[in-house]
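Atoms within each ligand, like the ligands themselves, are counted from 1 in listed order.
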Amino acid sequence: MWVTWTPFWATSAVADATCGGVCFQYRRRWSTVQCRRRPSLLGLKLSADSSVSGAGALAERSTGGAGFRFPIEKLCTTPNCCSRELFSGAHPGMAFVERLELVRQRSLLDAKSGELLRQWYDSYERAATAAAADGALLPYGCCSAEARDVSHWCSQNFSTLFDILMYEYKHPFQFAPYHKAVNGPEFNYTAFGNRFSRPLCNLRRSCMDAVSGSVFGRILEQLSAGDNVCLLGNHQSEADPFAIYHMFRHYFGDAGAELAERILYMAGDRVREDPLAAPFSVGRSMLTVYSKKHIQDEPDRRSEKQAHNRKTLREMERLFGAGGQCVWFAPSGGRDRRAPSTGRVECAPFDPDAIELFRMSAERAGRPCHYYPMAIGTFHMLPPPDRVEKEKGEERIVSYAPLWMSVMPEVDLDSGVDSALSKAEKRQARAEWLYRLVVSKYKGIGAYDAQ
Ligand SMILES: *[C@@H]1O[C@H](CO)[C@@H](O)[C@H](O)[C@H]1NC(C)=O
Ligand SMILES: CC(=O)N[C@H]1CO[C@H](CO)[C@@H](O)[C@@H]1O
């Protein structure tokens, strides 16, 4: 998934050969001309909750209480840096759509980006309406399923997202090789993502297969004994970390939510570099990598990216050395897509080298790492575009979708592989074997057919 995109808040953009990226010229008041690379869009991650009991406490934790305003003063202390009027606090009564229109009229937003946000918002409100009818938004401060209340809730929370985007534009998030989730003190990005993604998860119609419960218990034991755990499987939506959060919370209770929040995600380029994805990524802990194919895309940055990846692996070894880490790792290096030949969402093949690299780093750390194949069906909450569109923002049409998940019993990475094979053949065989395990579960739990 490789897209070049102009951040929507840029007034004009010119390709600049010297920086290899794109330079954006902003309004005079915003003074500086910044040069920033936005080579692609990847991974938006959204999220949510199910039980209505304890709703009050959860709402308290996840919204930061009533009368919430994005704390721009605390985040950006330079008075003239971020235009304060653009932030929702300055227009407490203004609906998101009105705000969007205002910003558009002031030419702070190009038509395409405005359209993208508008479509996203409209689909989001439809999803939230359906979710609210199931009572799913009660714990997140949406007091009823009435159209007016749902709309107000969506509007408020989308305004917060918009504020973050405006802020991010002036202060791009920096993702170190090891990024630790930002959950305060100024703004709890973790909670924001959890709440924001709740309308996408139809937990009433979701399915976590039966074996997962006992496997989950086993994982907790291993983690508390200081071992490491790797959940290894397919990847379907930008919002996967949040699907995992809501599913774990729904099926495994508070311990599930807690584990989901401390999972380390192996995150590719787009998760960090797509401005629409970054606000959600900030709230998750991640090991950041450049995927192999994307390293080839920009030859002039190859060594920089490779150095970054090496650093990430060292960080991983350090963390694994300390122990108690749970990592979610999708060795396909991209999201599953709908195949024109079958019309179904097919799992993307696993990359043998990615698995090998992970395995060796985990081994070098000197503590046991337990591998659990994991199959997920999350495609419909926020599907990737059918084809890779270059030079364009990726549209985001979300829906209130049923989810499928299975955390399968632990596997020994060598057991499915013939020991007589050569080293390279073993890698290949291991990747294919793991892939088959995940695919057969993906089909077995009904995710494949329910499309
Ligand atoms: C941020 O929100 C998460 C999710 O609700 C919660 O677990 C965490 O304790 C919050 N962080 C702080 C510092 O309050
Ligand atoms: C962070 C944020 O904007 N949260 C708001 C989401 O919407 C509800 C309902 O309007 C508010 O109570 C939250 O503060």
Side-chain angles (χ1 to χ4, degrees), residues 45-51 54-75 86-100 121 124-125 127-129 131-132 135-168 179-201 241-250 252-263 265 279-285 326:
K45 320 184 169 187
L46 311 183
S47 180
D49 218 60
S50 64
S51 80
L58 181 61
E60 191 61 32
R61 257 192 294 157
S62 66
T63 62
F68 175 81
R69 283 188 56 216
F70 187 71
I72 184 62
E73 300 85 352
K74 284 189 194 154
L75 286 164
L86 287 174
F87 290 86
S88 53
H91 311 279
M94 196 178 258
F96 171 74
V97 209
E98 291 167 342
R99 237 182 120 202
L100 189 62
Y121 182 78
Y124 187 83
E125 199 174 293
T129 303
L137 303 186
L138 282 175
Y140 292 99
C142 183
C143 52
S144 85
E146 306 260 336
R148 210 181 35 146
D149 289 334
V150 176
S151 180
H152 180 67
W153 187 86
C154 291
S155 186
Q156 294 265 299
N157 289 282
F158 238 81
S159 287
T160 301
L161 172 65
F162 193 71
D163 293 344
I164 299 174
L165 294 172
M166 299 306 290
Y167 170 76
E168 180 200 359
H179 168 81
K180 205 163 177 323
V182 180
N183 60 7
E186 284 85 11
F187 186 66
N188 191 334
Y189 287 94
T190 307
F192 174 73
N194 291 347
R195 179 186 54 250
F196 195 90
S197 57
R198 183 62 183 92
L200 313 195
C201 305
F242 298 93
I244 292 172
Y245 171 80
H246 292 296
M247 288 293 274
F248 278 25
R249 165 160 227 137
H250 185 69
F252 309 141
D254 283 349
E258 222 171 276
L259 177 68
E261 280 184 0
R262 58 180 260 231
I263 289 180
Y265 290 90
F280 301 97
S281 306
V282 171
R284 256 52 208 177
S285 294
C326 181

Element-labelled atoms of ligand 2 that are located less than 4.0 Å from some non-hydrogen atom of [X]:
X: H152; result: 10 (O)
X: T160; result: 1 (C), 2 (C), 3 (O)
X: R195; result: 1 (C), 2 (C), 4 (N)

Taking N or O atoms only and a 3.5 Å limit, does Y140 qualify as a polar contact for ligand 2?
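The answer is no, given that Y140 and ligand 2 share no N or O pair closer than 3.5 Å.
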Qualifying residue, where the test is side chain to side chain contact (heavy atoms under 4.5 Å, CB included) with E125 and the options are P199, S155, S151:
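By the side chain to side chain contact (heavy atoms under 4.5 Å, CB included) criterion, E125 pairs with just one of P199, S155, S151: S151.
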Numbered atoms of ligand 1 (with element) below 4.0 Å of N183, judged on heavy atoms
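By the 4.0 Å cutoff, the relevant atoms are 1 (C), 11 (N), 12 (C), 13 (C).
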Should the heavy atoms of other residues, nucleotides or ligands under 6.0 Å from CD of E186 be counted, would the total exceed 12?
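Yes, because the 6.0 Å sphere around CD of E186 holds more than 12 heavy atoms from other groups.
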Crowding at CD, E73 (>12 non-hydrogen neighbours, <6.0 Å):
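Result for CD/E73: enclosed.
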Can you tell me if G184 has a non-hydrogen atom under 4.0 Å from ligand 1?
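Heavy atoms of G184 never come under 4.0 Å of ligand 1.
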Kindly compute the distance separating CZ (F187) from CG (D163), expressed to the nearest 0.5 Å.
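The CZ atom of F187 sits 8.5 Å away from the CG atom of D163.
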Separation of Y124 OH from F196 CZ (nearest 0.5 Å):
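Going from CZ on F196 over to OH on Y124, the span is 4.5 Å.
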Assess the residue pair L161 and F192 against the criterion (side chain to side chain contact (heavy atoms under 4.5 Å, CB included)); give the C-alpha distance rounded to whole Å, side-chain angles, the decisive distance to 0.1 Å, and a yes or no.
CA-CA 9 Å; L161 172 65; F192 174 73; 3.9 Å; yes
Quick one: does E261 get an N or O within less than 3.5 Å of an N or O on ligand 1?
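Yes, since at least one N or O of E261 sits under 3.5 Å from an N or O of ligand 1.
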Would you say T190 has any N or O atom under 3.5 Å from an N or O of ligand 1, going by distance alone?
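No, there is no polar N/O contact under 3.5 Å.
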